[in-house]
Chemist: 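The structure's right below; bear with me while I get my questions together.
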Protein chains: 2
Amino acid sequence: MARSLKEEIVRRIFRNFLDVMILRFVHKEPMWGYRIIKLAELEYGVKIGHGTVYPLLNDLEKRGLLRSRKESKKGRLRKIYKITSKGLELLDTFNESIGE
Amino acid sequence: MARSLKEEIVRRIFRNFLDVMILRFVHKEPMWGYRIIKLAELEYGVKIGHGTVYPLLNDLEKRGLLRSRKESKKGRLRKIYKITSKGLELLDTFNESIGE
DNA sequence: TACAATATGTCACAGATGTGACATATCTCA
DNA sequence: TGAGATATGTCACATCTGTGACATATTGTA
């Protein structure tokens, strides 16, 4: 069965601007990789491989767009990311540039 | 010298959503490939290879998003593209999906 | 006359990029 | 006790995609 135009476009946005979409998620509220993957599927119907997300999160932190703190919830390790001012700047520039 | 953040993002948008950017150009006013290339450089500072643009224009027409008519200006052939309702639908869906 | 600009077209190749597999560890529920 | 969910990490490989070269034709200008 054919995918709808809307689904197709949302997929493309996630594929090509996954960093921006992650910054948007984390901007709304600090969160960790696993949750981003689940939310992307729940809210947008987009499946993102964790092999794509985790290296990207590390890269975004290295570039200073995100900052993480480790949280250990009953022995289970989570890296909770917050957006930085540099990350906000990228988001703003993107939104401004993509505006119709 | 380092490229600015804005320039970097605009480049990425053109690289990944060249079809959408072309639809936006053509939506503003019907035009041909050569003009699109020149306008992208003038208005956005983005150089797009004509080897990217022409095959894409043909593809967009094949998919029914654009329609062209040939115009011969003093023996010089131009394919002038207009956006179709299907093209407008894609533009609208994209703008809606990318909205913050 | 010869070069630059206008105008479109094709295609091989290199470089970029996501996918999916392999890897590890804990918790919960049946 | 075993499976599924939570949680993160790495990396080889195949696939996708733009670049740049090759190709052609006309007009304007020096």
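Naming convention: chains lettered A, B, ... in sequence-line order (proteins, then strands); numbering from 1 in each chain. What you see is a predicted model, and the numbers here were worked out from it, not measured in a lab.
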Chemist: List in numerical order all residues of residues 31-42 of chain B for which some heavy atom is under 4.0 Å away from an atom belonging to DNA chain C.
Modeler: Trp32(B), Gly33(B), Tyr34(B), Lys38(B)
Chemist: Heavy-atom distance under 4.5 Å between the side chains of Val26(A) and Leu60(A), does that happen here?
Modeler: no
Chemist: Tell me, please, which residues at least two apart from Lys86(B) pass side-chain contact (heavy atoms from CB on, under 4.5 Å).
Modeler: Leu65(B), Thr84(B), Glu89(B)
Chemist: In plain terms, say whether Glu96(A) and Lys6(B) are close enough for a salt bridge, that is, a side-chain N and a carboxylate O under 4.0 Å apart.
Modeler: yes
Chemist: Please tabulate, one pair per line, each protein N/O and nucleotide N/O from nucleotides 9-13 of chain D that are separated by under 3.5 Å, including the distance.
Modeler:
| unit_1 | atom_1 | unit_2 | atom_2 | d |
| --- | --- | --- | --- | --- |
| dG9(D) | OP1 | Lys79(A) | NZ | 2.7 |
| dG9(D) | O6 | His50(A) | NE2 | 2.5 |

Chemist: Just the rounded figure in Å: distance from C1' of dT17(C) to CG of Asp59(A).
Modeler: 13 Å
Chemist: For Phe25(A), which residues count as a side-chain contact (heavy atoms from CB on, under 4.5 Å) partner, sequence neighbours excluded?
Modeler: Phe14(A), Met31(A), Ile36(A), Leu39(A), Ala40(A), Glu43(A), Tyr44(A)
Chemist: Could you tell me how far apart Leu18(B) (CG) and dG18(D) (C1') are, to the nearest whole angstrom?
Modeler: 10 Å
Chemist: Output all residues satisfying side chain to side chain donor-acceptor pair (under 3.5 Å) with Asp59(B), sequence neighbours left out; order by chain, then residue number.
Modeler: Arg63(B)
Chemist: Who passes side chain to side chain donor-acceptor pair (under 3.5 Å) against Lys47(A), sequence neighbours left out?
Modeler: Glu41(A)
Chemist: For Asn16(B), which residues count as a side-chain contact (heavy atoms from CB on, under 4.5 Å) partner, sequence neighbours excluded?
Modeler: Asn16(A), Phe17(A), Arg12(B)
Chemist: Could you give the CG-to-C1' distance, from Leu77(A) to dT8(D), as a whole number of Å?
Modeler: 8 Å
Chemist: Over how many whole Å does the gap from Arg11(B) atom CZ to dT19(D) atom C1' extend?
Modeler: 12 Å
Chemist: So, using salt bridge (Lys or Arg N to Asp or Glu O under 4.0 Å) as the criterion, who are the partners of Arg35(A) when residues are at least two apart?
Modeler: Glu29(A)
Chemist: Expressed in angstrom and rounded to an integer, what is the separation of Glu61(A) atom CD from dT8(D) atom C1'?
Modeler: 13 Å
Chemist: With sequence neighbours excluded, what pairs up with Ser68(A) under the side chain to side chain donor-acceptor pair (under 3.5 Å) test?
Modeler: Glu61(A)
Chemist: If I take atom CD1 in residue Ile48(A) and atom P in nucleotide dT8(D), what distance separates them, rounded to the nearest angstrom?
Modeler: 14 Å
Chemist: Using whole Å, report how far CZ of Arg15(B) lies from P of dG15(C).
Modeler: 14 Å
Chemist: Whole angstrom is fine here: how far is it from CD in Glu71(B) over to P in dT26(D)?
Modeler: 18 Å
